[in-house]
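A short worksheet on the structure shown next.
Hydrogens, waters and symmetry mates play no part in the numbers below; they use all other heavy atoms, side chains included. Both ligands and their constituent atoms are indexed starting at 1 by order of listing.
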Amino acid sequence: MARFSPQQSRPVHATPFMNHSTTPSDANYDTANPAYIRKYLRTYGLTPPRAESYETQKSRCLSQLGLKNTPIDKFQYLSTLRKNNVHLFYRLVTDHLRELTPLIYTPVVGEACQRWSEIYQQPEGMYLSWEDRGNLAAVIANWPQPTVEITCITDGSRILGLGDLGINGMGIPIGKLALYTACAGIRPEATLPLTLDLGTSNKTLREDPLYMGSRRDKISPEEEREFLDELMSALTERWPGIVIQFEDFKNPFPALERYQGIYTCFNDDIQGTGAVILGGVINAVKRSGLPCKDHRAVFFGAGSAGVGVAKQIVDFFVREGMTEEDARNCFYLVDTKGLVTADRGDKLADHKVYFARQNNNGQQFKTLEEVVDHVQPTILMGLSTMGGVFTPEILRKMADWNTTPIIFPLSNPSSKSECDFETAVKNTDGRCLFASGSPFPTMSFTNAQGQTNTYYPGQGNNMYVFPGIGLGSILSKAVRVTDNMIYASGEALSKALTAEEIELGLLYPDITRIREVSVVVARNVMRAAQEDKVDRETALRNMSDKDLDNYIRTRMYDPHTEVRALEREVGHLLSSLGNLTPFSSGSPTEEVNGSPHKL
Ligand SMILES: NC(=O)C1=CN([C@@H]2O[C@H](COP(=O)(O)OP(=O)(O)OC[C@H]3O[C@@H](n4cnc5c(N)ncnc54)[C@H](O)[C@@H]3O)[C@@H](O)[C@H]2O)C=CC1
Ligand SMILES: CC(=O)C(=O)O
Ligand SMILES: [Mg+2]
């Protein structure tokens, strides 16, 4: 892509220098830019003279971050950094994924969303209101970036496990898309965070003078469908190849069913979560030594994530040789009314019907404790938003019944986790195979045999797959995101561990390797797209896996090479104009004063 027009002395769209805000990013003012770049961008003299190395920039940022007292202060510092210098922000995040993802994503993004209207500082995405219906295309035309490859949309109605937060949910699309960039190298300016202001059922918010959304109650499902129909059409009209991710809707099933056969879209909470937990469960089942048919899974929570995860695991059990009916019979879903059974006496929501138990002999089980005692599960999943419900007593029972109980408290943020890692390790004598939605620290524990070991929690969060699903869909130019593409992402994840990670007992790859993992996930997603013949970039079909991996890598945004790329492009441009001996003053690796020189 030509980023500059030789006929003009300024960038045409300034594409590489804008972030996903509604104004040009001040990445143009990167203090790493050498003098001739500053002159080219007409920013010369507008930043302190010294052209800095990344090491210097990083040490300043980390020291400033260290001065912030609270997680929200750190969240805001990082948001401002992304706005002011997008490439530096991503250099920092990719180098410190373990430390910084909890600050820009779960758990801290949860508190940021709860307080969004209070802490709001700057535009970082689009807000579309019910009142804009009929004009959505015109409003979308206001987005200043010419190319958008992926959007993440929420209506804020179920933000993590924190309930309906209305437009305050904007932190989620921003956070998810930041991970698309950091973890899968989708260019920041090609991402669009989108929040729908369709009213909120949260009365406290509606009465909050600072709340920045409309004060109406939530629109009806029919109105939502009408709005989404217009939105999907308007988005694809402006950006025909766009990948659309639905996130944190209270009831996302109707939209997924309606649009997945028409648009390149997927639902992260149903499908992304299903895939990421599939990846962890494949490894945990292998580690348990029990065949699939001997597993019994209790799911506390039968919503979008619970049902999405259970369905992916049914698919895995079937691929392992079970009949679908036998596979489905391994699952016991629990909601607010207890075990989901066909004869419970209430009308089940459509998405629960598939898992409604038929063989309960008329018996009903109201509480998690009752269900657990009845089933004696090998697998305990939490997708309920109910922090702490996996009590020490339940965990001890899991350890009595199983050599390696599989315990996945997956609700977010950390305060909603069904149990923390320490409680799980202590009450299962260190034998649990554990993954949680939000991160917990590594711990040391001495078991009943007196052995002291280090225990590593898994993070079963869709962040391990959605970046690769998006990247694979974009690069293969998929017209749909098929079920096989989703399954392929989870299966690829399960195989992405190194020998050392397996030796340490990890269920998921080390988070610091996530960019490399995203390449593998993206490649498998692309292969599945090719098998399903939904890829438009058909020339990639004949590439070997190795070549395809290289192809993917070369197309990933790397914040570390941005200044170099800029130097090269400006250099080529100036040479092509017959210009002048360039560029002796300054490079991102040599710190120099930006001394005046002629252009
Ligand atoms: N780890 C990950 O990657 C992901 C985690 N999640 C988390 O999963 C949780 C649930 O998300 P969704 O399924 O989308 O929400 P949802 O609202 O669709 O489902 C929640 C389910 O929990 C049940 N539930 C709520 N309170 C309960 C109680 N007191 N007793 C029994 N059941 C109860 C509800 O009946 C419902 O079935 C959230 O905390 C979310 O953050 C969601 C997606 C991805
Ligand atoms: C991780 C995620 O998507 C959720 O908690 O909703
Ligand atoms: Mg979500």
Describe, in one word, how the ring planes of [X] and [Y] are oriented to each other, choosing from parallel (under 30°), tilted (30 to 60°) and perpendicular (over 60°).
{"X": "His351", "Y": "Phe253", "result": "parallel"}
{"X": "Tyr508", "Y": "Phe408", "result": "tilted"}
{"X": "Phe227", "Y": "Trp130", "result": "tilted"}

Enumerated ligand 1 atoms positioned under 4.0 Å from heavy atoms of [X]:
{"X": "Ser384", "value": "22 (O), 24 (N), 25 (C), 26 (N)"}
{"X": "Ala302", "value": "21 (C), 36 (C), 37 (O)"}
{"X": "Gly437", "value": "1 (N)"}
{"X": "Gly161", "value": "38 (C), 39 (O), 41 (O)"}
{"X": "Gly301", "value": "21 (C), 22 (O), 23 (C), 37 (O)"}
{"X": "Gly303", "value": "13 (O), 16 (P), 18 (O), 19 (O), 21 (C), 36 (C), 37 (O)"}
{"X": "Asp335", "value": "31 (C), 32 (N), 35 (O), 37 (O)"}
{"X": "Met386", "value": "26 (N), 27 (C), 28 (C), 29 (N)"}

Inset, instruction - Apply salt bridge (Lys or Arg N to Asp or Glu O under 4.0 Å) to Asp420 and Lys426, showing your working. - result: CA-CA 10 Å; Asp420 61 27; Lys426 287 187 171 160; over 6 Å; no

Per-residue contact class, [X] against ligand 2 - non-hydrogen pairs under 4.0 Å:
{"X": "Asn461", "result": "side chain"}
{"X": "Met463", "result": "neither"}
{"X": "Thr273", "result": "neither"}
{"X": "Thr106", "result": "neither"}
{"X": "Lys416", "result": "neither"}
{"X": "Tyr105", "result": "side chain"}

Salt bridge or not for [X] and [Y], using N-O below 4.0 Å?
{"X": "Asp229", "Y": "Arg258", "answer": "yes"}
{"X": "Arg187", "Y": "Glu149", "answer": "no"}
{"X": "Glu324", "Y": "Arg328", "answer": "no"}

Inset, instruction - Please check if atom NZ in Lys352 has more than 12 non-hydrogen atoms from other residues, nucleotides or ligands closer than 6.0 Å. - result: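 Correct, the count exceeds 12.
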
Legend entry - Residue part near ligand 1, for Thr273, under 4.0 Å between non-hydrogen atoms: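 The side chain, only.
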
Legend entry - Structural part of Arg158 in contact with ligand 1, heavy atom criterion under 4.0 angstrom: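 Looking at Arg158 and ligand 1, just side chain atoms fall under 4.0 Å.
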
Inset, instruction - Determine which of the N, O or S atoms in Asp269 is closest to the Mg ion (ligand 3) and give its atom name. - result: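 Of the nitrogen, oxygen and sulfur atoms in Asp269, the Mg ion (ligand 3) lies nearest to OD1.
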
Inset, instruction - Could you go through the salt bridge (Lys or Arg N to Asp or Glu O under 4.0 Å) check for Asp373 and Lys397 one step at a time? - result: CA-CA 9 Å; Asp373 284 342; Lys397 286 182 179 174; 2.8 Å; yes

Legend entry - Side-chain donor/acceptor of Asp155 to backbone N/O of Leu196, under 3.5 Å: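 The answer is no, because no donor-acceptor pair under 3.5 Å joins these two groups.
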
Legend entry - Under 3.5 Å: donor-acceptor pair, side chain of Asp164, backbone of Thr200: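 Between the backbone of Thr200 and the side chain of Asp164 there is no qualifying donor-acceptor contact (under 3.5 Å).
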
How close does the nearest protein non-hydrogen atom get to [atom], and which residue and atom is it?
{"atom": "atom 30 (N) of ligand 1", "answer": "Phe300 CZ, 3.3 Å"}
{"atom": "atom 5 (C) of ligand 1", "answer": "Leu410 O, 3.2 Å"}
{"atom": "atom 5 (O) of ligand 2", "answer": "Asn412 ND2, 2.8 Å"}

Inset, instruction - Kindly give the heavy-atom pair with the smallest separation between Ile474 and Ile186, and that separation in Å. - result: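 Where Ile474 meets Ile186 most closely, the heavy atoms are CD1-CD1, 3.6 Å.
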
Legend entry - Angular separation of OE2 (Glu247) and OD1 (Asp248) seen from the Mg ion (ligand 3), to 10°: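 Once rounded, the angle between the two atoms at the Mg ion (ligand 3) is 100°.
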
